[in-house]
Structure formats: C-alpha cells, structure tokens
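Data block below; observations after.
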Amino acid sequence: MINTVTLTTSPSRELGTISPMIYGQFIEHFHRVVYGGIYLPGHKLANEQGFRMDVVEALRRIHVPIVRWPGGCFVSAYHWKDGVGLSREPVFDKAWRVEDSNAFGTDEFIAWCRLVGCEPYICTNAGTGSAEEMSDWLEYCNLPSQGKWARQRIHNGIKEPFKVKYWSIGNENWGSHELGAKSAEEWAALVRESAKMMLRVDPSIELLAASILDLNWNTRLLQNAGQYLSWISIHNYWDVANNDGVLSGYEACIARSLGPEQDITRARHLLGSLGFLGRVRVAFDEWNLRGWHHPHFMDRVTYDILGFRDRNDRNSSYTMADAVFSACFLNACIRNADLVGMANSSPAVNSRGLIYADEDGIVLRPTYHVFEMYTNYLGDTALSYQLSQNPEIALWDRDSLLRLPMLDMVATRNRTETALRIGIVNRSPEGEIMIDLESSAPEVRVYSVSGTSKDSFNDKECPGNVTVASCILPVVNGRLQVVLPPHSVSVLVELI
Ligand code: AHR
C-alpha cells in the first residue's frame, strides 16, 4: 500500500518574502556559453545585434530576474576597457587559455539583459585588476556624463547610463586556481579600498564581495569592509568533476541534496557570530549540482582544450538528478528567504546549463523545467508547514550509505492572494508517495517534472523526453490527495 503523508501549512506564519533574484543566472566567457551560446552574429537564429533569439525567448519564459557576467575565473584577468568602443583587439584569456575576440563586452551585455528583461550584475576583476579599474567601470556604466569614462560611453553612442545596481568585487579570490588569488588579509584590504572608490562614484549600488564559508576569511573581510557590503558571494558545485569529468549517478547526486541547506546554515552562523546577520545577505552567485569540466587548466601542459570542454555540452549528462537536486537547492533558498537574496545558476547556457544551444537550435534540459515551474507557479512569500512524517530513503554516495528524508518541500503563496502554492520533491529513485492536504479550494492544479526514469534527459533527438506535465485534481470533502511519482518535482496550486 502506498505511504500517505499529511501536509499542514500555517498561512499565518510567514518565513519571509522570497527574493525573485534566487532564480538568477550566470554567463561566463567560457567555451560556448557566451560565444555561440547567447551571441552568434550573422546566424539565422540571431537578431541584428547578434543575440540568439531562441535563447532569449527561453530565458524570458522563466522570467530570469538577474544575470551575473563576465566571470567566473575569466574575470580575474579581464580588462573591461578592451571590450568597449569601436575598435577592439582580441586578447589572450589567461584564465581559460584561449583567445577572446572582445566582440561581446559591456555594451553588448547590457543590451542583451534589456532584451531578456533582466537586471545586469557585473563581477569585477579583483585578480589582476585594481580598485581604480573597478571604479572606472562603474563610471562608464552609471554616471550620466561626468568624467572620462562616462563620456567614453556617450562617444560609443550610448547616451543613457546603464544604472547597474549590483556589482561584485572579485570571484573566488580565496582559491589558488584563481589568477591573482589573495590571502584573507590582502583580500580585506583590497575590498575595502575598492568599495570606497566604487561607492564614491555611485553610492546607490549594492556591493558583493567574493567569500567562502570560512571563519577567518569572513572575520577579516567583514571587520575591514563589512560596512560597505550588502552581500557576501558564495559558490558551490556539489558534484565537482572539474578534472575527471566523470559525473555521479542519481543516487550519489541526491545524497548530496542536503548540502545547500547545510551551506546556508553555516553562512547564517558565520554572519551571526560576526554581528552581520540582517545587515549582509548571502548571494549564491554561482551554483550547480555539476562542476564544469576543464581539465589541466592549472597544468603546464599543452593539450586539446576545446575537445575536453566540448564534453561539458553532452545533454545525456544532465538528467532528472540535476532537476531534483536543483529543486532541493531552490527549496533551501526559499526556506531561508530572510538570508539568501540571490542565487545564480551556473551557467545559463551550454556547459552545465539549463539550456543547450548549437547552430541548429536549443534543447531545454530537465533543470530548465524546474525553473519554469518555480518562476511561473510558486508564490512570493514563504510559509511555515508541517509533515506528519517524512520517510527516510537510503542512498549510496560512493562508499557511504546515507539516509535522507524522502520529501523536500516549500509552502508559499502570493502576498495578494490566498491560494496555497506548494513546491515538493520526491527524492526517491523508485518509490511513490501520497500527499494528503487540507484545502478550501474546489480544485488544485498539479504541475510535475519526473521523466520516465531517474536517468531521463533531453537531447536533440528527444527534446520532449522530460517536460512539465499538468493536471487538475478535485478536492474531496476538504482534502486533496495527490501521488508524487519517484524522482519528481511538483508544484501544487490551489484554484480558488
Ligand atoms: O568551472 C567554472 C568556474 O567555476 C568558474 O569560472 C569559477 O568561478 C568556478 O570555480
């Protein structure tokens, strides 16, 4: 007999307002993310500015609120001045060891964000760059006309300032993989001086700084520069795969799906112990289940870089494991809506992204459909809830057998409505489960992504293998009963 769990929500107990920016995206100058992925001048799928309209339309359908650019590791040696103006020279990208044409620069990024309908978020070069270079970039973007760099923008044909609100100082500068990596002391001093210069150019911006879940790093950073920061930037990829490119299977991936909430709890403790809880928020401005495959980029060897990187784009690698994990990640952000105000899925297009794009068109991967459901059907306010039980499932992660709760959920509603909107994940690889919920609505619409197997994926030959299915269920005697299939993500919406 199928196990039944009773779900009770507490509409009067709000956990917080959900920032729409948790549904953000990231694009980096890496392999085919920008060039070929979103930018393909002269191609039939692109507009006259060179932007792929199939990708733009797919991103519009998931209401992308904010996009971070240009890196990633790429930004650690990127000089923005090379990427603006009428005559641009290609440069050697020392982060990824390839040539970058500089055809896609600040003006193109802003124009593309306007087309997608999202907020631009710029990450600055704090590796080989300087406080002055960062503040010049801000001057170029945000000042109406004062100064050399604002006038340069006008000279480039753009009269109105871009008004970029979100700026990050650096990317992963704590790591030895990063060009211009810093010690905690060096970092704190650079962030403080860069923040001062940037805020003098435009005091209305919100600043983020590269961080990590480490007490020493945050103590130095926040004690020296915390007064200037609105956010700390945290990254994680739970199935790393950078060098070997071997991706874990469903069970190992889902065994790690408690990781995002553990990171958030750690960030909460760090900020709390340093007195910054409520003053500085968390931006998970790069996250994905899968790390990006870029073997040997730190080694002194020559090899077929692009051949290796092509392996990132294989659609068969991104399955229901990615979809289920991504929903658990978003659920953790929603349950911690008071702290996590931004998250950028990394990257948006190609590599480990939501969308695969080649010269023939696009494929929407299973993760895309999780964003499609969450951005279209969940509410803006997180509510408290209770489950009568949450059965345990046992999953192998390498040699360890881990026990996890079968269900992972959020309860939400829109501030202007009474209808409940529930996001719920069944992590189990093979078991279904029944949810029993009290409801005053006559009917509930159920949206669901599950695939026919836990390893289902979409590809050019089978683009509709995993999609959003939907049905309407009646509420009988004030109760809704719905069966959640294995390896599924569902959204239930009361039809009032
Ligand atoms: O593998 C892609 C890289 O992952 C990004 O450039 C970097 O920020 C992260 O380590």
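- Crowding of Lys81 atom NZ: a count of heavy atoms from other residues, nucleotides or ligands under 6.0 Å exceeding 12.
- Side-chain atoms of Ser248 and Asp239 form a donor-acceptor pair, as typed in the model, at a separation below 3.5 Å.
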Next on the checklist: Applying side-chain hydrogen bond (donor to acceptor under 3.5 Å, both in side chains) to Asn171 and Arg68, what does each step give before you reach the verdict?
Outcome noted: CA-CA 11 Å; Asn171 174 78; Arg68 176 177 183 255; 2.9 Å; yes
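- Note that the CG atom of Asn390 and the CZ atom of Arg427 stand 7.5 Å from one another [nearest 0.5 Å].
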Next on the checklist: Asp263 vs Arg268, test: salt bridge (charged side-chain N to carboxylate O under 4.0 Å, His left out). Steps then yes/no.
Outcome noted: CA-CA 9 Å; Asp263 283 4; Arg268 190 181 287 286; over 6 Å; no
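- Defined by atom type and a distance below 3.5 Å, a donor-acceptor pair is missing between the side-chain atoms of Ser450 and Ser488.
- A distance of 9.5 Å separates CE of Met320 from OG of Ser326, quoted to the nearest 0.5 Å.
- For Tyr237 and Trp287, the distance between ring centers is not under 6.0 angstrom.
- Taking each heavy atom of Arg61 and Tyr368 in turn, the nearest pair found is CB-OH, 3.4 Å.
- For Tyr121 and Phe26, the gap between ring centers reaches or exceeds 6.0 Å.
- One finds the OG atom of Ser351 at 3.5 Å from the CG atom of Asn312 (value rounded to the nearest 0.5 Å).
- Residues Asn315 and Asn458 form no side-chain contact, since every pair of their non-hydrogen atoms from C-beta on lies 4.5 Å or further apart.
- Ring centroid separation for the pair Trp112 and Phe104 does not come in under the 6.0 Å cut-off.
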Checklist entry - Going through the distances and angles, do Arg413 and Asp380 end up as a salt bridge (charged side-chain N to carboxylate O under 4.0 Å, His left out)? => result CA-CA 6 Å; Arg413 70 161 173 223; Asp380 56 24; over 6 Å; no
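- Judged purely by atom type and a 3.5 angstrom limit, Asp304 uses its side chain to pair as donor or acceptor with the backbone of Gly307.
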Next on the checklist: Go through it in stages, so that I can follow the logic: the residues are Thr124 and Val75, the test is side-chain contact (heavy atoms from CB on, under 4.5 Å), and I'd like the CA-CA distance, side-chain angles, deciding distance and then a yes or no.
Outcome noted: CA-CA 7 Å; Thr124 60; Val75 79; 5.7 Å; no
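- A side-chain N or O of Asn142 and one of Asp202 form a donor-acceptor pair less than 3.5 Å apart.
- Here CG of Asn125 is found 9.5 Å from CZ of Phe74. Values are rounded to the nearest 0.5 Å.
- Side-chain atoms of Arg281 and Ser19 form no donor-acceptor pair, as typed in the model, at a separation below 3.5 Å.
- Taking all atoms of both residues into account, the shortest heavy-atom contact from Ala58 to Ile362 is CB-CD1, 3.9 Å.
- Residues Tyr447 and Arg445 come closest through the heavy atom pair OH-CD, 2.9 Å.
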Next on the checklist: Quick one, Arg415 with Thr17, criterion side-chain hydrogen bond (donor to acceptor under 3.5 Å, both in side chains). Give me CA distance, side-chain angles, the key distance, then yes/no.
Outcome noted: CA-CA 9 Å; Arg415 208 157 273 291; Thr17 301; 3.0 Å; yes
Next on the checklist: Pair Leu45, Phe51 - check side-chain contact (heavy atoms from CB on, under 4.5 Å), show working.
Outcome noted: CA-CA 8 Å; Leu45 292 166; Phe51 303 136; over 6 Å; no
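- Neither side chain, Arg352 nor Ser346, offers a donor N or O lying under 3.5 Å from an acceptor on the other.
- At a threshold of 4.0 Å, the pair Asp322-Arg365 does not count as salt-bridged, since none of the basic side-chain nitrogens sits closer than that to a carboxylate oxygen.
- Asn156 and Tyr140 are linked by a side-chain donor-acceptor pair at a separation below 3.5 angstrom, with hydrogens and angles left out of the test.
- Counting only N and O atoms by type, the side chains of Trp80 and Glu133 include no donor and acceptor under 3.5 Å apart.
- With no hydrogens or angles considered, no side-chain donor-acceptor pair links His487 and Asp455 at under 3.5 Å.
- Asn426 places a side-chain N or O within donor-acceptor distance of the main-chain N or O of Pro485, the cut-off being under 3.5 Å.
- Looking only at atom types and distance, the side chain of Asn336 has a donor-acceptor partner in the side chain of Glu261 under 3.5 Å away.
- A tilted orientation is assigned to the rings of Phe284 and Trp238, their planes being inclined by 30° to 60°.
- In this structure, a donor-acceptor pair under 3.5 Å is absent between the side chains of Asp285 and Asn344.
- The two residues Gly83 and Tyr78 make their nearest non-hydrogen contact at CA-OH, 4.0 Å.
- When side chains are defined from C-beta on, Cys73 counts as touching Glu28, because their heavy atoms get closer than 4.5 Å.
- Side-chain polar atoms of Tyr318 and Asp459 form no donor-acceptor pair below 3.5 angstrom.
- In terms of heavy-atom proximity, His293 sits nearest to Ala241 at ND1-O, 3.5 Å.
- Looking only at distances, a side-chain donor or acceptor of Thr412 sits under 3.5 Å from a matching main-chain atom of Arg421.
- Judged by distance alone, with hydrogens and angles left aside, the side-chain atoms of Glu251 form a donor-acceptor pair with the main-chain N or O of Trp396 at under 3.5 Å.
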Next on the checklist: As a quick check of understanding, evaluate salt bridge (charged side-chain N to carboxylate O under 4.0 Å, His left out) for Glu372 and Arg60, giving each step before the final call.
Outcome noted: CA-CA 10 Å; Glu372 185 185 348; Arg60 284 179 182 161; over 6 Å; no
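- Going from atom CG of Leu221 over to atom CG of Asn173 covers 10.5 Å, rounded to the nearest 0.5 Å.
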Checklist entry - Under the side-chain contact (heavy atoms from CB on, under 4.5 Å) criterion, do Val191 and Leu229 qualify, and how do the steps go? => result CA-CA 9 Å; Val191 171; Leu229 299 177; 4.1 Å; yes
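- Sparse packing is recorded around CD of Glu89, with 12 or fewer heavy atoms of other residues, nucleotides or ligands lying under 6.0 Å away.
- Here the closest heavy-atom approach between residue Glu359 and residue Lys44 is recorded as O-NZ, 4.2 Å.
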Checklist entry - What's the verdict on side-chain hydrogen bond (donor to acceptor under 3.5 Å, both in side chains) for Asp82 and Asn102, showing C-alpha distance, side-chain angles and the deciding distance? => result CA-CA 7 Å; Asp82 293 337; Asn102 271 314; 4.6 Å; no
Item to check | Test side-chain hydrogen bond (donor to acceptor under 3.5 Å, both in side chains) applied to Glu206 and Trp167, step by step | outcome: CA-CA 6 Å; Glu206 290 197 15; Trp167 291 81; over 6 Å; no
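- Side chain of Arg32 to backbone of Gly37: no donor-acceptor contact under 3.5 angstrom is found.
- Taking the six-membered ring for Trp, Tyr35 and His29 have ring centres closer than 6.0 Å.
- Atoms OG and CH2, on Ser211 and Trp217 in that order, are 7.5 Å from each other to the nearest 0.5 Å.
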